[in-house]
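What you see below is based on every heavy atom in this structure, not just the backbone, and it leaves out hydrogens, waters and symmetry mates. Sequence lines set the chain letters: A, B, ... in the order given, protein chains first and strands last, and positions in each chain run from 1. None of the values given here were measured: they were computed from a predicted structure.
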Amino acid sequence: MMDYKQTVFLPKTEFPMRGGLPKKEPEIMAHWEKLDLYKKLRAERKDAPKFVLHDGPPYANGQLHIGHALNKILKDVINRSQSMLGKNANYVPGWDCHGLPIEWKIEEQYRKKGKDKDEVPIAEFRQECRDFAAHWLDVQSQEFQRLGILGDWENPYTTMKFEAESIIAAEMGKFLMNGSLYRGSKPVMWSPVEKTALAEAEVEYADHKSVTIFARFALKNSPIEGLEGAHLIIWTTTPWTMPGNRAMACGADIEYSALKITETGEDALAKVGDIICLADALQADVFAQTGIVSADIVKRFKGAEMAGAIAAHPMAAEGYTYEVPVLLADYVTTDQGTGFVHIAPGHGPEDFELAHLKHGIEVPDTVGEDGVIAEHLPLFGGMHVLRDNARIAEIMAEKGGLIGIGQLTHSYPHSWRSHAPVIYRNAAQWFVSMGDKDSQGKGLRDTALAALNVTDFYPASGQNRLTAMIANRPDWCLSRQRAWGVPIPVFYHKKTGEPLRDQAVVDRIVAAFAKDGCDVWFTKPASEFLGSEYDEKDYVQVKDIADVWFDSGSTHAFVLEARDDLQSPADLYLEGSDQHRGWFHSSLLESCGTRGHAPYKGVLTHGFVLDEQGRKMSKSLGNVIAPQKVIEQNGADILRLWVVSSDYYDDLRIGPEIIKRQSDHYRRIRNTLRYLLGAGAGFDAAQEGLAPQEMPELERWVLHRLTELDKVVRQKTESYDFHAIFTQIHDFCNGDLSAFYFDIRKDTLYCDSPASIERRACRTVMDEVLQCLISWVAPILCFTADEAWMAYRGDENDSIHLHEYAAPAKAWQNPELGQKWAAIRALRSQITTALEAARNDGLIGGSLSADIRVQTSAETAALLEGLDLASLCITSSAELIAGTGETKIEVRRADGGKCARCWKQFSEIPEDNDSDICTRCQTVVTEQGAV
RNA sequence: AGGCGCGUAGCUCAGUUGGUUAGAGCGCACGACUGAUAAUCGUGAGGUCGGCAGUUCAAAUCUGCCCGUGCCUACCA
């Protein structure tokens, strides 16, 4: 008996079914390196229109997490897909290198070695920070590249390159020269332990036990009659702020009473006969805490009536002699306290705003950098704000200033590094004005808001979010009292306090930074920058460094504008949605303040990565998914697939099951590629290819589908909607190809003569499909696509990433055919259901053992004219009867025996015969044998 | 506590201006094939569309409240 398997044209390919990605991907990376893919692509697209996705710099201080992976993969998919559109999508990755976290790491190392940071020369300290950043930058670069991210890894940007530092300084110079950089002061979060101001992001909240006091302020001048001798009572958890008290606040609509104490407990500080004023809602509470047993109401009043009253500081007799006005504030509540809020303008943003900004009350300096109360202050001078609150309370009680002392455990800000409590402290700071008071009419805020109006947001809601933030934010405080960063390159006059605005000085500073880095600010004498026109004795050199958000906010200046291979504004900034407050925000302000427009045309935000249950990832929950591990076990392409199969505008989830699902999707696409590669083995378009008009209708339908998908892919690429692209490609592979077209054409492909029109048409179409498919998935499955491309073309000097999306001919479009075949498939689906029923009845096994008789409406029957229903349904035979009414399908066992080559049944072949073959196969076998 | 989002089958997602029994793919179950074979094909079971209350002839879709959840702020005397 002849083995006809040898005569069947089965798919043949080297492209393995299993990806083995963890091993394969590094090989493909090596191929790219050998090709010098990045540079080659740049050279080839030199004259193409640019597409600039500007990289928001990650912070160089640790290994990558899944959020980094999401971010960079999305950027890469966008860049590669724009490149597939023919653009020059040059991607320059960058890193944010300055800032507290790195600084702190170095300090930590010092502490371990028992060294004191303050004893290390600043230049040396900064060098260590620089080395630390360089190390992590390198680690992250390797990890990013392993994700398949294509970019200028040899020459990335960093905020700590000398050129960057000098341009950052130059940018600050612009704010200096245009008058919007000013010296002010404000209460800032201050860590007495680290002797530095902290950014709000550098603060975390934890429980803290505070000494609380109820302090009494003698009413000196009251708008309300009959309150002679009364005291207003405040409650505070920070007794150390009492020397800084300059006012108190009450709520306009809150009900208060003056109460004459009639009875007190044994240890009460209050005395019988005292008259105290409190909010009614808090009376019981205060009595309980201060040991007051009972009191008579002397007077009732509303907060509004008390406004304008003048009280005396509880320690007035000891030297705190200033007046304490009573102000109205809408933030006063009766949740706790007394209904009167003590206001220390130097020790709280709300206090500052109310007392200083709104009422012009001077802000005293009462606390030093180390948290020690100024020596010259009576009673409390030299005491520490964190350690001596109990003493402060005792002294005040002794002097008759209190009616109660207590304790409270509450949530309190702590330094995120030292975990020590922090305080608000007034400090001199440099600000960029949001321009509300700008004489030129249009301030920075207005410019920025206008710029947002002409920016595209993906998703659209980002516009609202950023707009609201810009509209409400206060002036930008640029100062950081730190060491690792770009110094604010400013001198101000010792006597007038006026900053020196001289472009020549700025230029000298910028030039010096460019040459030797901004360390020179700390190592060279001021005279070098001031030049001969100014005497350094007259000026103070600012030693603050700039907020790191200013560094990254200036990347458009030192990257986009500085590099010839990029341009500004960028087409797109893309980051996590937290960057509304961060990079999108600071970049916008920096650019609007210096150039009058945004540095981006579009802003795309993605969500955060959560676990499978939608919880945030945390070490304690044990639900952290490390990208390194996914790559190691599944491959980077799986991670890339995960990104595009998620709705990345919203939060994304990842976990074992989700990764499993992605692997399933991957296998489907990979197998489709493999089948196409195998089916098309040895295909030569010039010899074998056919023109569409010579093809069967089914082939022309597939070509039509390619034009439809092509349209979707291009449109969705423009709108960065890869989820839609992936879904459609997957469904195409799954539904149109594997379950339909491939299945039907197996017979043609395996058994028909290579010279037959049918087989040639099929192979021609499959070749087109393959080219489309590889190019469509290339931005997403960047490794697998190239692996397939290699298997297809076999050219070691090529890569799919050097090509554009395949371009199906416009002429292939045929919507009528699309509709017609949709109807045919609906009928086919009815038939497969009927076949399944017959199979379950044991009537048939494979569909080739069936013969079907389909009675259907004349309309439906007309659709099948000229088509072979049996081959469409993969049965051995079929009869179509044009009738009326509902479709009826009859399934019978096909007559005759099975052709030993094509496995179809024929009545001419005797049953139980396993060697005969059908006429078609006979012809083909003979023909092949003759060759 | 405030601002901006999200909540549709086990998983990832579609559901256009409110309009017939809410869709797809994966997974799952069952079956077929053994010439895509750690593949491939078929059939099927899964959803009170987060909850409640409204508007409407009609709501996954509009409104309000609530619950859960994410980011960003504020967590204060």
Side-chain angles (χ1 to χ4, degrees), chain A residues 4-5 8-11 13 17-18 200 205 212 234-238 241 248-249 329 331-333 335-344 347-351 410-413 424 459 461-462 464-466 468-469 472-473 576-582 585 605 607-610 612-616 641-642 645-647 649-653 655 657-665 667-668 670-672 674-679 723-724 726-728 730-731 733-735 738-740 742-743 746 749-751 829 832-833 835-837 839-840 844-849 874 901-903:
Chain A
Y4 286 103
K5 185 161 179 166
V8 174
F9 313 112
L10 295 176
T13 175
M17 181 148 79
R18 302 189 43 144
E200 278 167 12
Y205 290 83
T212 62
I234 65 95
W235 177 70
T236 181
T237 58
T238 52
T241 60
M248 68 172 72
Y331 60 81
V332 177
T333 65
D335 295 342
Q336 55 180 343
T338 63
F340 290 104
V341 176
H342 132 78
I343 302 292
H347 301 302
E350 282 179 331
D351 300 44
H410 60 146
S411 173
Y412 190 84
Y424 273 105
S461 60
N464 265 334
R465 192 165 170 183
L466 194 45
M469 284 177 186
N472 296 319
R473 68 154 298 145
S577 63
D578 58 331
Q579 296 302 322
H580 286 107
R581 180 54 79 182
H585 192 112
T605 51
F608 274 67
V609 184
L610 310 172
E612 233 151 18
Q613 276 81 43
R615 300 170 305 181
K616 73 169 88 180
L641 205 49
W642 163 70
S645 66
S646 305
D647 174 9
Y649 291 146
D650 197 355
D651 291 337
L652 299 80
R653 299 185 180 195
E657 170 165 7
I658 292 170
I659 293 168
K660 180 81 183 4
R661 285 297 83 76
Q662 298 318 321
S663 304
D664 293 334
H665 290 147
R667 279 213 311 274
R668 164 56 86 187
R670 184 176 181 93
N671 272 319
T672 305
R674 178 165 187 265
Y675 191 71
L676 286 165
L677 284 165
H723 182 262
F726 165 72
T727 307
Q728 296 225 17
H730 183 261
D731 288 356
C733 289
N734 215 25
S738 194
F740 185 62
F742 289 173
D743 216 24
K746 269 177 198 168
L749 200 58
Y750 296 171
C751 301
S829 162
T832 52
T833 304
L835 287 170
E836 183 65 16
R839 185 147 39 225
N840 289 335
I844 59 166
S847 59
L848 281 178
S849 59
I874 320 179
R901 183 164 176 273
C902 72
W903 297 348

| message | Distance check needed: B:G31 P versus A:I844 CD1, whole Å only. | response | 16 Å
| said: Say we look at B:A29 and B:A45: how far apart would their P atoms be, to the nearest angstrom? | reply: 16 Å
| How does each nucleotide of nucleotides 8-14 of chain B score, in 5' to 3' order, for protein heavy atoms under 4.0 Å: base (B), sugar-phosphate only (S), or none (-)? | --BSSS-
| task | Give one of base, sugar-phosphate or nothing for A:H342, where a contact means two heavy atoms less than 4.0 Å apart. | result | sugar-phosphate
| said: Quick check against the 3.5 Å criterion: does A:E657 have a side-chain atom that pairs as donor or acceptor with the backbone of A:E612? | reply: no
| query | Between A:Y750 and B:A36, is there a side-chain N or O to OP1/OP2 distance below 4.0 Å? | reply | yes
| said: Regarding B:C71, can its base be found pairing with the side chain of A:R465 as donor and acceptor, where the two atoms are less than 3.5 Å apart? | reply: yes
| message | Whether A:N840 contacts B:C30 is assessed here as follows: a side-chain N or O lying under 4.0 Å from the phosphate OP1 or OP2. Is that the case? | response | no
| query | Between A:K616 and B:G70, is there a side-chain N or O to OP1/OP2 distance below 4.0 Å? | reply | no
| said: I'd like to know if A:R839 reaches the base of B:A32 with its side chain, counting only an N/O donor and acceptor under 3.5 Å. | reply: no
| said: Could you tell me how far B:U43 sits from B:C6 if I compare only their C1' atoms? Round to whole Å. | reply: 36 Å
| Phosphate-side-chain proximity, A:R615 and B:G70, N/O vs OP1/OP2 below 4.0 Å | no
| said: By the 4.0 Å heavy-atom rule, please label A:M469 as base, sugar-phosphate, or nothing. | reply: sugar-phosphate
| Whole-Å gap separating P (B:U40) and CD1 (A:I874) | 15 Å
| field | Nearest-Å distance for atom pair CG/P, residues A:N734 and B:G25 | value | 7 Å
| field | Side-chain N,O (A:R668) to OP1/OP2 (B:C41) below 4.0 Å | value | yes
| task | Specify the glycosidic conformation (syn or anti) of B:G46, with syn defined as within 90° of 0. | result | syn
| Atom-to-atom span, CG of A:L10 to C1' of B:A36 - whole angstrom | 9 Å
| message | For the NE2 atom of A:H580 and the CG atom of A:N464, what is their distance to the nearest 0.5 Å? | response | 9.5 Å
| field | For atom NE2 of A:H730 and atom C1' of B:C26, their distance in whole Å | value | 7 Å
| task | Give a yes or no answer on whether the side chain of A:W235 reaches the backbone of A:G339 with a donor-acceptor pair at less than 3.5 Å. | result | no
| Has the side chain of A:S847 got a donor or acceptor atom that lies under 3.5 Å from a matching backbone atom of A:I874? | yes
| request: For RNA chain B, just give me the dot-bracket, please: Watson-Crick or G-U, both distances below 3.5 Å, ( ) intra-strand, [ ] crossing earlier pairs, | paired with another strand, . unpaired. | output: (((((((..((((.....[...)))).(((((.......))))).....(((((..]....))))))))))))....
| Given the C1' atoms of B:A77 and B:C71, what is the spacing between them in whole Å? | 29 Å
| message | Need one value for A:G614: base, sugar-phosphate or nothing, where a base atom within 4.0 Å counts as base even if backbone is also close, heavy atoms only. | response | sugar-phosphate
| message | Over all strands shown, is A:T237 touching base, sugar-phosphate only, or nothing at heavy-atom distances under 4.0 angstrom? | response | sugar-phosphate
| remark: Between CG of A:L466 and P of B:C4 the distance, given in whole Å, is 14 Å
| Does the distance from a Lys or Arg side-chain N to an Asp or Glu carboxylate O, for A:D743 and A:K746, drop under 4.0 Å? | yes
| query | Of all heavy-atom pairs between A:T672 and A:C733, which one has the smallest distance, and what is that distance? | reply | OG1-CB, 3.5 Å
| remark: Taken to the nearest whole Å, CG/A:L610 to P/B:G68 is 17 Å
| field | Exam field: side chain A:D351 to backbone A:A344, donor-acceptor pair closer than 3.5 Å | value | yes
| query | With side chains defined as the heavy atoms from C-beta onward, is the minimum distance between A:C902 and A:Y750 less than 4.5 Å? | reply | no
| said: Using a 4.0 Å heavy-atom cut-off, does A:F742 contact any base of the nucleic acid, only the sugar-phosphate backbone, or nothing at all? | reply: base
| query | Considering only side-chain heavy atoms of A:M17, which listed nucleotide, B:A39, B:C41, B:G35, is closest? | reply | B:A39
| task | Please check if the side chain of A:H723 supplies one atom and the backbone of A:S646 the other of a donor-acceptor pair under 3.5 Å. | result | no
| said: Between P on B:G35 and OH on A:Y675, what's the gap in Å once rounded to a whole number? | reply: 13 Å
| query | Base, sugar-phosphate, or nothing for A:W903, non-hydrogen atoms under 4.0 angstrom? | reply | base
| query | Do A:R668 and A:S738 pass the side chain to side chain donor-acceptor pair (under 3.5 Å) test, and can you show the C-alpha distance, the side-chain angles, and the key distance before you say yes or no? | reply | CA-CA 9 Å; A:R668 164 56 86 187; A:S738 194; 2.8 Å; yes
| query | Say you pick atom P in B:C65 and the same atom in B:A1; how far apart are they, in whole Å? | reply | 14 Å
| said: If you compare all heavy atoms of A:D650 against all heavy atoms of A:L652, which two are closest, and at what distance to 0.1 Å? | reply: O-CD1, 3.4 Å
| Contact class for A:F608 vs. all strands (heavy atom < 4.0 Å): base, sugar-phosphate, or nothing? | sugar-phosphate
| task | Please work out if A:N671 contacts a base, only the sugar-phosphate, or nothing of the nucleic acid, heavy-atom cut-off 4.0 Å. | result | base
| query | What distance do A:H730 atom NE2 and A:S645 atom OG have between them, rounded to the nearest 0.5 Å? | reply | 9.5 Å
| message | Need one value for A:R901: base, sugar-phosphate or nothing, where a base atom within 4.0 Å counts as base even if backbone is also close, heavy atoms only. | response | base
| query | Touch check for A:G337, heavy atoms < 4.0 angstrom, all strands: base, sugar-phosphate only, or nothing? | reply | nothing
| message | Nearest to the side chain of A:T236, heavy atoms from C-beta on, is which of B:U43, B:A77, B:G5? | response | B:A77
| said: Give me the distance, rounded to whole Å, that separates B:C75 from B:G3 when you measure between the C1' atoms they each carry. | reply: 15 Å
| query | Touch check for A:K746, heavy atoms < 4.0 angstrom, all strands: base, sugar-phosphate only, or nothing? | reply | base
| said: What's the gap between B:A60 and B:C28 when it is taken at their C1' atoms, as a whole Å value? | reply: 26 Å
| query | If you check every side-chain atom of A:E350, which of B:C76, B:U43, B:A36 has the closest atom? | reply | B:C76
| Any salt bridge between A:R839 and A:E836, counting N to O under 4.0 Å? | yes
| Given the P atoms of B:C62 and B:U17, what is the spacing between them in whole Å? | 10 Å
| field | A:R667 side chain near B:U40 phosphate (N/O to OP1/OP2, under 4.0 Å) | value | no
| note | Distance col, row A:I658:CD1 vs A:S663:OG, nearest 0.5 angstrom, shows 12.0 Å
| query | Quick one: on RNA chain B, does A:T833 or A:G462 contact a more 5' nucleotide (nearest heavy atom)? | reply | A:G462
| Expressed as a whole number of Å, how far does the C1' atom of B:C30 sit from that of B:U69? | 38 Å
| message | With a 4.0 Å cutoff (strictly under), does any side-chain N or O of A:S738 reach OP1 or OP2 of B:C41? | response | yes
